[in-house]
Amino acid sequence: MAKASFHFASTSIGKILKDGGLVVPANQRSYAWDETHVDDLLGDLNEAISDGQDEYFLGTVVLVRKSGETTSIADGQQRLATTTIILSRIRDRLHDLHRGGSAMTTDREFVRSMDRETEQVHPHLTLNSEDNEFFVSTVIASPQDPNYVPMKAKRYSNRRLEKASLVIDDYLAKVLETVKAEARADKLLEWVRFIERNAAIGVVTVDDELGAFRIFETLNDRGLKASQADILKNYFLSKSDKRFTEAIGLWQALAAQTESIAEDEGAGLITYLRHFWVVKHGPTKERELADRIRVVVTGQAKTLSFLTEANAAASSYVALGSATHPKWAEYPTSVARSIATIQQDLRIKQIKPLLFAVALHFKPREAAKAFRLMVSWSVRFLVYGGRGGMLDEQYSRRAAEVGSGTITTARQLRNAMGKYVPNDQDFETAFATARVSRAFLARYYLREIEMERQGGVEWMPNADEYVVNLEHVMPLNPGPGWNVDAETGESAQAFLGNMALLNAKDNKDIGNESFEKKKLALGNSSYVTTREIADHKNWTMAEIKARQALLASTAVKVWSLQVAD
C-alpha cells in the first residue's frame, strides 16, 4: 500500500459542517455520547460565548478525502453530530420566535441543503447505516418540514441521539430564560456565529483509511479517549491491508451478533472477545486484551482468520444468554434448565468463559453433564465462599483446557476442579449455618430442595415471586405472641431455616401473626418443606437452626458433584 499523505489545517467546526459532504463510514461506531458529554460541550460553548472568548478549541478531527469521493470521518463524528443537533435545535427555536428566514438560513447553511434541480434535501452530515435514517428523519428534521413524521428509536445509539436532542433543547431553553424576549433570537444567532467562526478545530486530512487509523492511534496514545472496541477495531482494520472491506464486514457482523449482550455499546463485544480469547489462550483481564491480541494477531492472514473464527463462535456465546435459543434444541433438555438457573436464579458471571468453552467444544450429552456440574459448583461457592480472583483464574484455565482439547468430558472437568470446589462435608457444614440475604437465592435454594424432597421436576414449585412468596416464619418485628426480642427477630431473617415458600395470598394474610396462627397456613401448603414447619410446637432459633441443618443434608444431594456415565 502506498505511503499515505497528510494535510493539517485549522478551521471551525461550523465551517466544516457548512462545506458539507461529510460521511461516517460503515466501520465507524454509532453515536455514543451520553448526557454528560453533551452537557459538557454545551456548558463549554455557553461559557466561551458569554465570556466573549475569541476562540474555543474543540480538538482534532481526522478526515479521509479521496479524489472524486465523499469525505469520510475517521475521528470526530461525536462532536460533528452533536454540533449539528445544536444547530438544528437553534433553527427550531428561531422558528418558534417567528424568525423563519434566520431559521431557514441556519438550516441550509449548516444542517441540510436542497438540490436546485431535484429539490431533494441532503444532510451535510451522514451517519452510518445504524443511525442515519433516524438522524435525518427525526433528530435534525424540522417540525416545519412537509410530512414530518418522527421515527421511533430502534437502537441504543438512536436513543442516545434522541436524548442528546432533548438535552440540547432543554439547555437552550434555560439559556433563553435569562434573556429578554426581544433579544432571544439574537442570542441564538450569537451561538450560530460562534460555532461558525470561533469554535476551532484542527483538521487532519489523509488520502486513505490506513493513514487515518495511524493518526487515530497516535491521537489516542496522546490522551484522547477511545473505547476498547474502537482500539481493537482500528487495529484489526489497519492490519487487513487489501482485505480491508472484508475485515469491515466481519467486524460489523461480530458487533451485530454481540449487541444484545450489554447495554453499553461495545461493552458486549469486548466481553465476548475477551472470553473468546480466554478459551484460546487462558486467563486474560480486559485491560490486557488489546496488548495480548497485538502480540499474537500480527498480520493480514491472522487478522482475517481471527475475525472469521470469532464470528463463527459468537452464536454459541449469545446462546448462553437464553435458555430458549435454537442452539439448545439438539441438546438434552437439562441444558436449558442449567442455563436458566445460572442466568436467572444464581445471576453469576464469572463462570461464563467456561460455559462458552463447553458450548463450543463438548458433545451435547457431555455438555449437559458439565452444565449441571457447573450449577453445583456455583451454589457451593456462593454458600461456602470463593475468592473472586481464584474463580476467575481457575474457570479461565479450565476454559482454555477445554478449548485446546485437553479436557473433553464432564468427568475430566470435575477432576480438574476437584481441589478448588468445596467437598460434600464442607458444603453441608457451610449450608447448615449460611445466611442468605438475597431473596432470589433463598427462593431458588428452597425450590430445588423441595423438588428433591418431592421426587423430581414434575413437583417444581412456581418460580413467580408474585404467586409464591418467601415467608419469613419468625418476623423481623415479632409481636407480643412471639415472646422474642427484636435482636433475635432481626438475626433470624437471613437464616434459610426461617424461610419457607408460601402462596402469595396466604403469606399476605398471616403477616406478623403469632406462630400458632401461621401454622394453619404453613400446614396447608402443598410443599413438604413448608408443611413440616407446622409440626413444631414452638419456633425459636433452636428450631430454625435444626431445620436449616435438615435442609443442608438435602442440599448435598441437590447440588451433587457426581457425574453420570
Side-chain angles (χ1 to χ4, degrees), residues 4-33 37-38 41 45 57-91 105-115 120-142 157-158 160-161 164-165 168 192 195-213 215-216 219 224 226 230 233-234 237 248:
S5 61
F6 306 96
H7 176 70
F8 299 85
S10 177
T11 186
S12 73
I13 198 164
K15 288 177 181 176
I16 286 285
L17 291 172
K18 202 169 184 179
D19 290 342
L22 299 167
V23 175
V24 175
N27 60 289
Q28 285 293 318
R29 64 174 172 172
S30 300
Y31 187 79
W33 271 16
H37 296 111
V38 177
L41 176 59
L45 286 173
F57 184 60
L58 278 169
T60 303
V61 170
V62 182
L63 304 177
V64 179
R65 188 169 285 155
K66 297 180 181 179
S67 179
E69 297 184 16
T70 55
T71 301
S72 62
I73 303 165
D75 186 34
Q77 73 143 316
Q78 310 298 328
R79 285 162 288 164
L80 289 163
T82 306
T83 304
T84 299
I85 301 170
I86 291 172
L87 290 163
S88 299
R89 299 294 76 81
I90 288 175
R91 173 207 61 206
T105 302
T106 301
D107 189 44
R108 293 294 183 257
E109 287 188 352
F110 302 101
V111 182
R112 307 177 298 177
S113 296
M114 180 178 287
D115 187 285
Q120 287 186 325
V121 176
H122 301 286
H124 287 204
L125 172 65
T126 300
L127 300 188
N128 68 13
S129 58
E130 296 176 351
D131 283 337
N132 196 59
E133 184 181 7
F134 183 77
F135 182 65
V136 172
S137 69
T138 305
V139 179
I140 65 170
S142 169
S157 53
N158 292 173
R160 292 192 188 102
L161 284 165
S165 180
I168 290 166
V192 175
I195 289 170
E196 180 182 11
R197 301 172 187 174
N198 308 95
I201 56 170
V203 179
V204 183
T205 306
V206 298
D207 57 12
D208 67 16
E209 290 83 358
L210 181 56
F213 296 140
I215 289 289
F216 179 91
L219 292 172
L224 295 183
D230 290 329
K233 174 190 67 181
N234 284 284
L237 296 182
I248 287 175

Say whether, by atom type as modelled, one donor and one acceptor occur between the side chain of [X] and the main chain of [Y] under 3.5 angstrom.
X: R79; Y: L58; result: yes
X: D131; Y: Y31; result: yes
X: Q78; Y: A32; result: yes
X: S12; Y: E196; result: yes

Donor on one side chain, acceptor on other, D75 and T60, under 3.5 Å:
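Side chains of D75 and T60: no pair found under 3.5 Å.
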With a 3.5 Å cut-off and no angle check, do the side chains of H124 and T84 form a donor-acceptor pair?
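The answer is no; no qualifying pair exists.
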Compare all side-chain heavy atoms of [X] with those of [Y] and state whether any distance is below 4.5 angstrom.
X: T82; Y: I168; answer: yes
X: N128; Y: P25; answer: no
X: F135; Y: I140; answer: yes
X: I73; Y: V62; answer: no
X: T71; Y: V64; answer: no

Working to the nearest 0.5 Å, report the span between [atom1] of [X] and [atom2] of [Y].
X: I13; Y: F57; atom1: CD1; atom2: CZ; result: 10.5 Å
X: L22; Y: L63; atom1: CG; atom2: CG; result: 6.5 Å
X: T83; Y: I201; atom1: OG1; atom2: CD1; result: 8.5 Å
X: R89; Y: S165; atom1: CZ; atom2: OG; result: 3.5 Å
X: L125; Y: Q77; atom1: CG; atom2: CD; result: 7.5 Å
X: F110; Y: I86; atom1: CZ; atom2: CD1; result: 12.5 Å

Worked check of side-chain contact (heavy atoms from CB on, under 4.5 Å) between F134 and V139
CA-CA 7 Å; F134 183 77; V139 179; 3.5 Å; yes
Tell me, please, which residues at least two apart from T126 pass side chain to side chain contact (heavy atoms under 4.5 Å, CB included).
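For T126, the residues satisfying side chain to side chain contact (heavy atoms under 4.5 Å, CB included) (neighbours in sequence not counted) are V23, P123, N132.
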Test of understanding: with side chain to side chain contact (heavy atoms under 4.5 Å, CB included), list the residues that count as partners of D107, not counting sequence neighbours.
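Per chain and number, D107 pairs via side chain to side chain contact (heavy atoms under 4.5 Å, CB included) with R91, V111, R112.
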Does the pair L161 and L127 meet the rule for a side-chain contact (heavy atoms from CB on, under 4.5 Å), with working shown?
CA-CA 11 Å; L161 284 165; L127 300 188; 4.1 Å; yes
List the steps, then state whether side-chain contact (heavy atoms from CB on, under 4.5 Å) holds for M114 with Q120.
CA-CA 5 Å; M114 180 178 287; Q120 287 186 325; over 6 Å; no
Given the rule in the side-chain contact (heavy atoms from CB on, under 4.5 Å) test, do L80 and L17 qualify, once you have shown the distances and angles that lead to the verdict?
CA-CA 7 Å; L80 289 163; L17 291 172; 4.0 Å; yes
